[in-house]
Amino acid sequence: MPKPEFWQIPAATAAATERADKLEAALAERLQHIAERFPRAVLASSLAVEDMIITDQICRHALPIRIAPPPAASRHSPCCRWWSRPRAR
């Protein structure tokens, strides 16, 4: 019986790293613009990976954008444990 081949993280290339850096800078710039234009802006986070990337940028740049947990988080203790992690950063 042949051995299964498991997925492996691809090696980072210089081009991929450069593209990721540009995308991260563009996101930070857009979030800064949002924070300036909409002083009461709120990220309604679903705790999905893309929301964690946005949350990271908001926290990293200390932007005045509030982050609201999903409504279900208030009803489920496992969600509450996960929700406290990004806020503690």
Side-chain angles (χ1 to χ4, degrees):
M1 181 175 208
K3 248 181 153 176
E5 289 186 34
F6 296 106
W7 179 84
Q8 294 182 0
I9 298 172
T13 64
T17 301
E18 183 179 337
R19 185 171 191 285
D21 290 343
K22 286 180 182 178
L23 289 170
E24 188 175 336
L27 176 59
E29 186 178 318
R30 288 179 183 160
L31 288 170
Q32 180 65 45
H33 176 74
I34 290 168
E36 290 169 1
R37 186 163 179 207
F38 304 101
R40 294 175 38 178
V42 177
L43 169 64
S45 176
S46 66
L47 302 177
V49 67
E50 56 273 14
D51 289 346
M52 291 293 99
I53 292 168
I54 295 169
T55 299
D56 175 69
Q57 288 296 305
I58 290 170
C59 295
R60 193 178 293 240
H61 297 284
L63 297 173
I65 298 174
R66 196 167 72 86
I67 303 166
S74 62
R75 296 189 300 262
H76 304 288
S77 62
C79 287
C80 291
R81 281 197 309 275
W82 281 102
W83 182 247
S84 65
R85 288 182 182 179
R87 295 184 78 184
R89 253 185 109 188

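Computed from a prediction, not measured in an experiment: that's the story for all the values here.
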Open item on the list: Suppose we screen for side-chain hydrogen bond (donor to acceptor under 3.5 Å, both in side chains). Which residues come up paired with Lys22, at least two apart in sequence or across chains?
Closed with: Glu18

For residues [X] and [Y], determine if any side-chain heavy atom of one lies less than 4.5 Å from a side-chain heavy atom of the other.
X	Y	value
Ile65	Val42	no
Gln57	Glu24	yes
Leu43	Arg66	no

Atom pair [atom1]/[atom2] of [X] and [Y] - distance to nearest 0.5 Å:
X	Y	atom1	atom2	value
Asp21	Thr17	CG	OG1	6.5 Å
Arg60	Leu27	CZ	CG	10.5 Å
Leu63	Thr55	CG	OG1	11.5 Å
Lys3	Glu5	NZ	CD	10.5 Å

Task: Shared-cluster residues of Ile9, by chain and number - hydrophobic side chains joined below 4.5 Å - done: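 Via sub-4.5 Å side-chain contacts, Ile9 links to Trp7.
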
Task: Whichever hydrophobic residues join Val49 through chains of side-chain contacts under 4.5 Å - done: none

- [ ] Output, in order, the C-alpha distance, side-chain angles, deciding distance and verdict of side-chain contact (heavy atoms from CB on, under 4.5 Å) for Leu47 and Met52.
- [x] CA-CA 6 Å; Leu47 302 177; Met52 291 293 99; 4.0 Å; yes

- [ ] Begin with the C-alpha distance, continue with both residues' side-chain angles, and end with the deciding distance and a verdict on side-chain contact (heavy atoms from CB on, under 4.5 Å) for Arg19 and Leu23.
- [x] CA-CA 6 Å; Arg19 185 171 191 285; Leu23 289 170; 3.1 Å; yes

Task: Name of the residue among Ile58, Ile54, Asp51 meeting side-chain contact (heavy atoms from CB on, under 4.5 Å) with Ile67 - done: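 Of all the options given, the one that passes is Ile58.
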
